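One structure is given here, and the rest of the page talks about it.
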Amino acid sequence: MNARRTLTPYLLLIPGLAPILVLMTLVIGMALTRSVTWTDVSGNVSLSLEAWRTILGQDQFWRAFFYSARIGTLGALISVVLAYPVALWLRRPFPGSGLVSSLIKAPILVHGLVAAFLYVNFVSFQGFLNVALVGLGFAARPIRMQNDPYAIGVVILQVWKNMPLAYLILSGSVSAVSDDLLNAARDLGVGTLGRLRRVVLPLTLRSLQAALILIFIGAAGDYTFQAVAGPTNINSMAQFMVRMEVDNGLQGWSLSAVVAVMLMGLSLFGAIALAGLVQVLVKRVGR
Amino acid sequence: MATEAPALTVAEASLRYDRFQALNAVSFSARRGELVTLLGPSGCGKTTLLRAIAGFIPLDSGRIEIDGRDMAGLSPERRDTAMCFQSYALFPHLTVADNIGFGLRQKRLSSAEIADRVSAVAAQVRLSAQLERLPAQLSGGQQQRVALARAMAVRPGVMLFDEPLSNLDAKLRDQVRAEIRALQRAQGFTAVYVTHDQAEALAMSDLVVVMRAGVVEQMGTPEDIYRRPANRFVADFIGTANILAGRVMDTDKANGLYRVETPMGMATVRAEAPPVASHVYLCWRPEDARILSSTEGEVAAENVYRLQVRSRTYLGNLVDLEVGRIDGEGETWRIQTHGTSAVMQGETVAIEIAPERFRFLSEAVT
Amino acid sequence: MASPFPRAERWRNRLLILLALVVFFLALGLPFAMAVLWSLVDPSHPWAYPNVLPPVLSFRRWVEIWTTSGLQQALVNSYMVATTVAVSAILLALPTAYAFGRLEFRGKAVAQMLTLLPLAMPLFVLAMFYVAVLSRLGIYSRFLGIAIGHTFYFLPYAIRLLTVSFSGVRQDLIDAARDLGASRLTVFRHAYLPVLKPGLLAALIIVFILSIEEFAISYLVGAPDFTTVPTILFSYLGYNFIRPSAAAVSLILVVPNVLLMLIAERLLKSTGASAGSGKG
């Protein structure tokens, strides 16, 4: 009876948790083993670091790596920097705040591909922006803005899609800071900026980190925005990973696996680095 | 030094929210080192007034001065006040020491100076051993003391207390109440203390301001308020009062004696000032009545009333009797007598109330 | 809490609301209006520079997409997969959500963290090597591959949503029902079901939407012969950009899902309300 009672919760976990763990183990295991095996021209599979040597020696790979790191960092930081003041502003309800809040969250309901389409449609030759620029006399003829080489379009899309997510995560913890706490700080002589630095930021640090991590992982691993709106002369990591598999026949999976492992590493360490950076920053300004 | 400015002056403070008059021409002042309580039921405006003093709420009209300086237009962070919040409002991410030093750091004191002041204040509230803990690791009473220490540390011109004891259990409440009063006397800080608990107000204050619906009903020392309530509201709100609608029949101004007809019977009342009208309310307290022994009852004549005990409640140290007229009609009154009293429900008792125990309220019967 | 300058603050808020509306209009309203407009461009009268508005509007493009492209099949595929995924994910999630929502046990926090693991993984890496796992396991059915992938990948959402529902069930109601001698079924019907029902429906809808919208697994497992709505849309974007078709498919992808999501949100709000009444 007693043993059954202590076992029950764990048995109940199996249907939900086991599939997740099995999927993750298989996928990660597959990526890791593929990255250290190599198929030669006659189809023999052997343990080898050849794939690692090939990928890490490629200039294109490193460009993809730093490109994805940059998109991830920019996407995460800009989204959070835009969402934080809005969350502060909407901390307490006022007439109209509910409307604004739901408008901000609206992009969450719009599919990423649709967002990409809307953007491309907006900036393309016959898009609204060009029509407006030409019509208002700012430009003599339409400007090419699609697939811009600086990936401004990709960053705009990342922020467009992720700022609402950041807002969602931040607004909960920002409005959880009680008025009494802020009043206490005011009463002790602390001004607006001081209250932000010494009370609000430290108390919302955890959700700041959560937002940054989630957005960074998503943006660094992006495929669709890059494929639709990104610069054509560079690949994102996910794009590069898929391309490696498609382009390389027998060795495709091994090369792709190396990129995958590197992308997982980038996600992990990038997320940790961003979270650590914010922690240090918040601690410092809170002094 | 005779005309030293009061530490705090509130003059004609008024504030209106949409249709609700939160404060209506409230005035009082506190001398340096005095503890003033704002007492009243919830919604009476006491917390609003406290927040207006702190600067969180602007007044529509009226003046608030601290040490003779007009506070109009000054934001809370620039006012020389420090508040102890009902919720304590401790910063959960900071240690006890950092909480206590929070306001000091803003004053750009050196860290050595801050540390000295923090440890001195912590010693006063007996928290020296808990300085490195986080608020969540402390008991309710300890958290309360951190809030107190944090406010004391900045040495404010006026300390503000917003029902600081309401989150403590009854026993701790009495203890902390005594501690706050002792600290206030020892440190000599001026304090405004908001409460709805009349016992707390009576025990702690130099001056009690009784408020209702944004208006000051009465202001005075605890004894004044209890012994000489101005009206039915104050009499009833502070302690328990038996209130009678009386008609003044006969006046002996020279001796300050008045004959008054009341629902209990004829009463002789001794008062320093004459009643405000011929139909006037008067009150007496449950402990003012003396139960006469059966033989005494027959002899005495003046201010002796024969009443029936409607119910009896044993309270340990006291017995609470609800009494009414023998014919069973009309209102009832309450008497408190010592626990040994053997009077039982349904019995008839004779009680005597001395003339000086009756008190005219400055409120005419309309 | 009143501010020291309520009037100034009110004006500031109004100004900011106006700004938010303008930003919203530029970022969402206008692009969507353009999409609608583009989907209505008549195929025989192309909309080209320097025309500010399309010369002729018609539904011909919609008819054409509906009858000639693979959209119908893609819709069938998407909705079949999504229904399967929603039902199986909820069924798998229920026992685990019950354990998280109503039982206390050692390692609960760790187990809850573990369920969120897939969210910390780059989705395309997961999808890519999920394909490799499928071929190693010999699962060649595209439908099955996508359905299993979606079910496993969206389990965390289902578990999370249902956990909240389960923890909203009031213990005092269960105790009262049992105290009055109710059978297990009666207890379930009166104490659990009223609180669970909206949460269950909401979880079904949300997983359904997530599955319809999912692109990485559908694309990598299904391409090129098993199409879903997002993979069709993807094929219209990029280098061979067929704008009117992309506009139409975009609207088909967004509008029903937004409506469903609004229903789900309403359901979730009602759970919150019923869980919040009285002390838990």
Side-chain angles (χ1 to χ4, degrees), chain A residues 8-10 12-13 15-17 19-21 23-24 26-27 30-31 34 89 92 94 96 99-100 103-104 106-107 109-114 116-122 125-128 131 134-135 142 160 179 214 217 220-221 223-224 227-228 238 241-242 245 253 256-257 260 263-264 267, chain C residues 1 13 16-17 20 24 27-28 30-32 34-35 38 47-49 52 92-93 95-99 103 105 111 114-115 117-126 128-130 132-133 136 151-153 155-156 159 213 215-216 230 233-234 237-238 241 243 246-247 250 253-254 257-258 261:
Chain A
T8 314
Y10 301 100
L12 289 171
L13 287 186
L17 194 50
I20 292 171
L21 295 180
L23 177 75
M24 296 302 288
L26 285 178
V27 165
M30 184 63 86
R34 285 290 170 111
W89 173 43
R92 288 287 170 263
F94 55 82
L99 173 73
V100 175
L103 291 187
I104 290 169
L109 296 180
V110 179
H111 195 275
L113 280 168
V114 175
F117 163 70
L118 293 177
Y119 172 77
V120 170
N121 195 32
F122 200 70
F125 271 111
Q126 185 59 33
F128 180 85
V131 172
V134 174
W160 190 91
D179 284 338
L214 271 181
I217 292 174
Y223 179 94
T224 46
V228 176
M241 173 186 76
V242 175
E245 196 273 322
W253 276 111
S256 174
L263 178 50
M264 286 192 278
S267 302
Chain C
M1 180 78 253
N13 280 341
L16 285 171
I17 290 173
F24 177 79
L28 208 71
L30 198 57
F32 258 107
M34 301 299 291
W38 268 101
W47 179 15
Y49 178 78
V52 175
L92 288 174
T96 306
Y98 175 81
L103 303 178
F105 52 93
L114 282 177
T115 58
L117 217 54
L119 303 181
M121 175 127 175
L123 179 52
F124 259 79
V125 170
L126 191 136
M128 188 84 193
F129 289 86
Y130 174 63
V133 170
R136 168 65 62 85
T151 303
F152 286 16
Y153 186 65
L155 259 178
I159 292 175
E213 295 198 332
F215 173 68
L233 175 57
F234 186 66
L237 298 171
F241 181 32
R243 212 194 295 200
S250 289
L253 187 53
V254 166
N257 289 356
V258 167
M261 204 61 189

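Naming convention: chains lettered A, B, ... in sequence-line order (proteins, then strands); numbering from 1 in each chain. These figures come from a predicted structure and were not determined experimentally.
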Hey, is the main chain of C:Arg243 close enough, under 3.5 Å, to the side chain of C:Trp38 for a donor-acceptor pair?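 Between the backbone of C:Arg243 and the side chain of C:Trp38 there is no qualifying donor-acceptor contact (under 3.5 Å).
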Query - Check: C:Pro156 main-chain N/O paired with C:Thr115 side-chain donor or acceptor under 3.5 Å - result: no
Please look at [X] and chain C and tell me whether the side chain, the backbone, both or neither of the residue comes under 4.5 angstrom of a heavy atom of that chain.
| X | value |
| --- | --- |
| A:Met24 | side chain |
| A:Ala257 | both |
| A:Tyr10 | side chain |
| A:Ile104 | neither |
| A:Arg34 | side chain |

With only heavy atoms counted, which part of [X] is less than 4.5 Å from chain A, the side chain, the backbone, both or neither?
| X | answer |
| --- | --- |
| C:Tyr130 | both |
| C:Phe152 | both |
| C:Leu253 | side chain |

Does [X] reach the side chain of [Y], with side-chain heavy atoms less than 4.5 Å apart?
| X | Y | result |
| --- | --- | --- |
| C:Leu92 | C:Leu155 | yes |
| C:Ile17 | A:Phe94 | yes |
| C:Met121 | A:Val27 | yes |
| C:Phe129 | A:Met241 | yes |
| C:Asn13 | A:Trp89 | yes |

Under a 4.5 Å heavy-atom cutoff, which of [options] has the most pairs with chain C?
| options | value |
| --- | --- |
| A:Val100, A:Leu21, A:Leu103 | A:Leu103 |
| A:Val110, A:Asn121, A:Leu109 | A:Asn121 |
| A:Phe122, A:Trp253, A:Tyr119, A:Trp160 | A:Trp253 |

One should read off an interatomic distance between C:Leu233 CG and C:Glu213 CD, to the nearest 0.5 angstrom, of 11.0 Å
When heavy-atom pairs shorter than 4.5 Å are enumerated against chain A, which of [options] gives the highest number?
| options | answer |
| --- | --- |
| C:Leu16, C:Ile159, C:Leu117 | C:Leu16 |
| C:Leu123, C:Leu126, C:Thr151, C:Asn257 | C:Leu126 |
| C:Ala99, C:Pro31, C:Ala216 | C:Pro31 |
| C:Ala93, C:Ala97, C:Ala20, C:Pro118 | C:Pro118 |

Determine, stepwise, if the pair C:Tyr98 / C:Leu103 fulfils side chain to side chain contact (heavy atoms under 4.5 Å, CB included). CA-CA 7 Å; C:Tyr98 175 81; C:Leu103 303 178; 4.1 Å; yes
Could I get the full list of side-chain contact (heavy atoms from CB on, under 4.5 Å) partners for C:Ala111, not counting sequence neighbours?
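For C:Ala111 the side-chain contact (heavy atoms from CB on, under 4.5 Å) partners, ignoring immediate neighbours, are A:Leu13, A:Leu17, C:Phe100.
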